Protein chains: 2
Amino acid sequence: MLKEERHAYILQEVRVHHRILLADIADTLQVSVDTIRRDVKELDEAQLVKKVHGGAVSLDYNIYNYVAKDNFLQQKKSDIAKKAVRLLRDDMVILMGGGTTNIEVVKHFPPNIKLTVFTPSLPLATQLIQHPTIKIIFLGGVLSKDAQISVGADTILALQQLRVDLCFLGTGYLSVKEGLTEYDYEVVQVKKAMIERAKKTMVLTVSAKLNSVQRFQTCPIQDIDTLITELDPEDATLTAFREAQIQLL
Amino acid sequence: MLKEERHAYILQEVRVHHRILLADIADTLQVSVDTIRRDVKELDEAQLVKKVHGGAVSLDYNIYNYVAKDNFLQQKKSDIAKKAVRLLRDDMVILMGGGTTNIEVVKHFPPNIKLTVFTPSLPLATQLIQHPTIKIIFLGGVLSKDAQISVGADTILALQQLRVDLCFLGTGYLSVKEGLTEYDYEVVQVKKAMIERAKKTMVLTVSAKLNSVQRFQTCPIQDIDTLITELDPEDATLTAFREAQIQLL
DNA sequence: CAAAACACTGCAAATATCTGCAAGTTTATG
DNA sequence: CATAAACTTGCAGATATTTGCAGTGTTTTG
């Protein structure tokens, strides 16, 4: 194998996954880690990748974005995500909706976890593609420009063929009295189908969004199994949900 | 064996495999490695291949030019995109594959055009979402991490329900003899289905990619209606395609 | 702060390249 | 047609590059 081929392979991997591990590449290409280290060093000197301890990252992939954006709300979402990933086990099949909280969950996926994720969300799928071991099935359909998810009959039909372990819903407004509500009718239809096809439904939301109500109902409160917020499960804000028999994390 | 014959053979091998090993060629042609080395040196000086330690690689595979070439390549892709959008009319229904050239086409869509676009490509859908008047239908399926498009049975089945006006294919390698080829088998299956469901198929590619061949055939040259490159349709490079009755833009 | 993972250095073996040369082949020319 | 000049090819020996490994230093992580 030519050095140039290895270089091309490394660049390709960096383009697709935004980051690589030297050991992975060495293993795949059947050469020593030292060789890959030297390759990456050259690519770094040629300003094609950025070499870091243990691997390399893409130049345009802005790691600082992630930290810089770490504002107050982001911190809460990160806390929610950490709780959510604790529910995951290898070989689970899950459904994920859209929203920045769910994206945060994907960022917190353990690097080696083996999951099958079904999603109608374009941004979520884009985030998932960067994970090395997740199998992603995108639920096709008409793309809603607002929500950036597939909606409509095709999406609902595709959902009806599934039976998954968990469903993570990251958008929407939850209230004890009105249940889960939404302002977009088409999104409601998709979420209904998602909840129906999952054994357990988890709602992920920052506490500020609780007790709000929107125009359309996705489901009554009883259909929600678990509520994950940034708050301690014992927090007084959540009392009403605790009384409604919702599991709190 | 004449030197020119060896040169032709070497160029052919480089076109097909993107790389060669001096020792392989020497063995196949039954001449010394030194001779092949000198041949490759000449081809390198003539800017037809790039000589590297142990062999040679094709120029468009030459990663060191990657950054420098990028703007140049971008200009070509922009030229291709401008030609492609001239084919669009309001209320058309089209299919678009992946690749940076297709993304460029989307960027060149007129702001008010009314189109329905079906696509299995995640990056393309993400780009399309920014357009105000396009109706997008994402073709769902298992997401290929390399190609960033949906592949597999679900995608093919969804495609089989369509009948569209135009299909834009932006990746792949086109040669008169071998037709449209690809290195990813699953992508080939999707593209086959796309071509089948479109009244007309347009291949969009920079001229450097022409006359290259990959492992799997998507379709023979006759199934392609139009070839759009950055070159003038009368350019001598395209003669073989003109003779194959391909419309050139 | 200690263990684990990773990086760096120098070295040796394998492989590739370069140089000069001699033998063979082709081409040009009177 | 004869012959010199130019080119081509393979080989041998010297030089250079690549690669994996072992030993040692550095960074990361819990």
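What you are looking at is a predicted structure, and each value in this text was computed from that prediction instead of being measured. Throughout, protein chains are lettered first and strands after them, A, B, ... in sequence-line order, and every chain is numbered starting at 1.
Side-chain N or O atoms of A:Q127 include none that pairs as donor or acceptor with a backbone N or O of A:K107 at under 3.5 Å.
Only one option out of B:K76, B:K77, B:Q75 pairs with B:E230 in a side chain to side chain contact (heavy atoms under 4.5 Å, CB included); it is B:K76.
Not counting sequence neighbours, B:S144 has no partner by the side chain to side chain donor-acceptor pair (under 3.5 Å) test. For A:I134, the side-chain contact (heavy atoms from CB on, under 4.5 Å) criterion is met by A:F109, A:I113, A:L115, A:V117, A:L128, A:H131, A:I136, B:K145, not counting sequence neighbours. Every residue two or more places apart in sequence or in another chain that forms a side chain to side chain donor-acceptor pair (under 3.5 Å) with A:E182 is listed here: A:K191. Legend: residues meeting side chain to side chain donor-acceptor pair (under 3.5 Å) with A:D165, ordered by chain and number and at least two apart, are A:K199.
The distance from atom CG of A:L21 to atom C1' of C:dA7 is 15 Å, rounded to the nearest whole Å. One atom, CG of A:D24, and another, P of C:dA5, lie 14 Å apart when rounded to the nearest Å. One can place NE2 of B:H53 at 7 Å from P of C:dA16, the figure rounded to the nearest angstrom. When the C1' atom of C:dC6 is taken as reference, atom CG of A:L22 falls 8 Å away, rounded to whole Å.
Residue A:K41 is out of contact with every strand shown, counting any heavy-atom pair closer than 4.0 Å.
In this structure, B:F138 and B:P120 approach most closely via the heavy-atom pair CZ-O, 3.5 Å. Closest approach of B:S121 to B:L124, counting heavy atoms only: OG-N, 3.2 Å.
Nearer to the 5' terminus of DNA chain C, by closest-nucleotide assignment, is the contact made by A:V52 (compared with the other of B:V52 and A:V52).
Heavy-atom distances under 4.0 Å link DNA chain D to A:V31, A:S32, A:D34, A:T35, A:R38 of residues 28-40 of chain A, given in residue order. Within residues 3-12 of chain B, the residues that place at least one heavy atom under 4.0 Å from DNA chain D are, in residue-number order, B:K3, B:R6.
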